[in-house]
Amino acid sequence: MSGRRVEDVAGKQDILRKAKVLAVLGLGRNPGRPAYGVARYLQQRGWRILPVHPAGGEVLGERIHRSLAELPVRPDVVDVFRNPVHLPGIVRDVLAMPEDLKPWAIWFQDGVVDEQTANDAAASGLLVVMDDCTARVAGRMD
């Protein structure tokens, strides 16, 4: 797939239909956080979730990886629940992943907005969704 910004609902749904594994960046053990609820919903709908949070541990029956570099398998999508100030570094980390572990899409959740970083990620070959919720898009797929 060639990189581009994906802004239409059909394109976002297409990403989720093709994805089997989502790395959820910012998913910790706190059930009150949005990342927890979204990840639980996606997991219940059949996606494999790879939690990524510096605290480590376990959540939703999965080991929490402390960084993207620790992921044991290739995620199709990196789903980002982080403050937008972290996006340039996150995209650098994604692009630095070995080719056999690099995702083909990155998804910035609601409120996670950085136009320049989104454009840079797309120019680097990633499909990019910004300022939308994976669970909300998945919920419209029925």
Side-chain angles (χ1 to χ4, degrees), residues 1-95 97 99-142:
M1 294 185 192
S2 62
R4 65 182 172 87
R5 298 273 300 267
V6 179
E7 298 178 357
D8 60 298
V9 173
K12 295 171 187 178
Q13 289 175 338
D14 190 51
I15 289 171
L16 291 178
R17 279 189 189 91
K18 291 176 180 167
K20 305 291 182 234
V21 180
L22 287 81
V24 183
L25 196 57
L27 173 56
R29 295 179 296 217
N30 183 345
R33 302 289 298 172
Y36 188 98
V38 168
R40 182 179 59 214
Y41 175 80
L42 294 171
Q43 187 181 56
Q44 290 169 345
R45 296 278 310 259
W47 283 276
R48 179 165 182 209
I49 300 301
L50 300 174
V52 181
H53 192 283
E58 186 176 300
V59 66
L60 301 172
E62 295 282 347
R63 175 178 168 237
I64 300 173
H65 305 279
R66 294 180 187 274
S67 70
L68 290 170
E70 283 188 13
L71 294 177
V73 298
R74 177 186 185 171
D76 298 303
V77 178
V78 173
D79 191 7
V80 181
F81 287 85
R82 295 290 313 275
N83 186 301
V85 301
H86 300 290
L87 291 180
I90 291 167
V91 169
R92 277 192 303 275
D93 290 348
V94 167
L95 296 174
M97 294 171 77
E99 285 303 316
D100 62 333
L101 293 175
K102 190 179 295 184
W104 46 265
I106 190 164
W107 192 300
F108 303 153
Q109 282 287 331
D110 285 340
V112 182
V113 176
D114 181 327
E115 292 290 338
Q116 185 62 55
T117 300
N119 291 337
D120 292 347
S124 297
L126 295 170
L127 292 178
V128 180
V129 175
M130 184 170 65
D131 198 23
D132 205 349
C133 178
T134 47
R136 186 171 48 248
V137 171
R140 295 185 199 137
M141 289 170 54
D142 295 330

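The basis for the numbers below is simple: all heavy atoms, side chains too, and nothing from hydrogens, waters or symmetry mates. Computed from a predicted structure; not experimentally measured. In this chain, residues are counted from 1 in sequence order.
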side-chain contact (heavy atoms from CB on, under 4.5 Å) for Val112 and Met130? Distances and angles first, verdict last. CA-CA 7 Å; Val112 182; Met130 184 170 65; over 6 Å; no

For Tyr36 and Arg40, which I'm curious about, is there any donor-acceptor pair between the side chains at under 3.5 Å?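 Their side chains do not contain a donor-acceptor pair, so the 3.5 Å distance test is not met.
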
Just checking, is any N or O donor in the side chain of Asp120 or Gln116 under 3.5 Å from an acceptor N or O on the other one?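 Result is yes, a qualifying pair exists.
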
So which atom in [X] and which in [Y] form the shortest heavy-atom distance, rounded to 0.1 Å?
X: Arg140; Y: Val9; result: NH1-CG2, 4.0 Å
X: Asp132; Y: Trp107; result: O-NE1, 2.8 Å
X: Lys102; Y: Met97; result: CE-O, 3.3 Å
X: Gly26; Y: Ala35; result: O-CB, 3.8 Å
X: Pro88; Y: Thr117; result: CG-OG1, 3.4 Å
X: Leu126; Y: Pro103; result: CD2-O, 3.3 Å

Atom [atom1] in [X], atom [atom2] in [Y]: separation rounded to 0.5 Å?
X: Asp76; Y: Arg74; atom1: CG; atom2: CZ; answer: 6.5 Å
X: Ile15; Y: Ile106; atom1: CD1; atom2: CD1; answer: 11.5 Å
X: Ser124; Y: Arg92; atom1: OG; atom2: CZ; answer: 11.5 Å

Between [X] and [Y], is any pair of side-chain heavy atoms under 4.5 Å apart?
X: Trp104; Y: Lys18; value: yes
X: Arg48; Y: Leu22; value: no
X: Val128; Y: Phe108; value: yes
X: Leu101; Y: Leu71; value: no
X: Glu115; Y: Arg5; value: yes
X: Thr134; Y: Val77; value: no

N/O donor-acceptor pair under 3.5 Å between [X] side chain and [Y] backbone:
X: Trp47; Y: Ala19; result: yes
X: Arg66; Y: Pro54; result: yes
X: Asp8; Y: Gly11; result: yes

Could you give me the CA-CA distance, side-chain angles and deciding distance for Leu42 and Ile49, then say whether side-chain contact (heavy atoms from CB on, under 4.5 Å) is met? CA-CA 8 Å; Leu42 294 171; Ile49 300 301; 4.0 Å; yes

Could you point out which residue of Asp79, Asp131, Val24, Val80 forms a side chain to side chain contact (heavy atoms under 4.5 Å, CB included) with Gln109?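 The side chain to side chain contact (heavy atoms under 4.5 Å, CB included) with Gln109 is passed solely by Asp79 among Asp79, Asp131, Val24, Val80.
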
From CA spacing to verdict: side-chain contact (heavy atoms from CB on, under 4.5 Å), Arg29, Ile64: CA-CA 9 Å; Arg29 295 179 296 217; Ile64 300 173; 3.8 Å; yes

Step-by-step side-chain contact (heavy atoms from CB on, under 4.5 Å) determination, Arg136 to Asp110: CA-CA 10 Å; Arg136 186 171 48 248; Asp110 285 340; 2.7 Å; yes

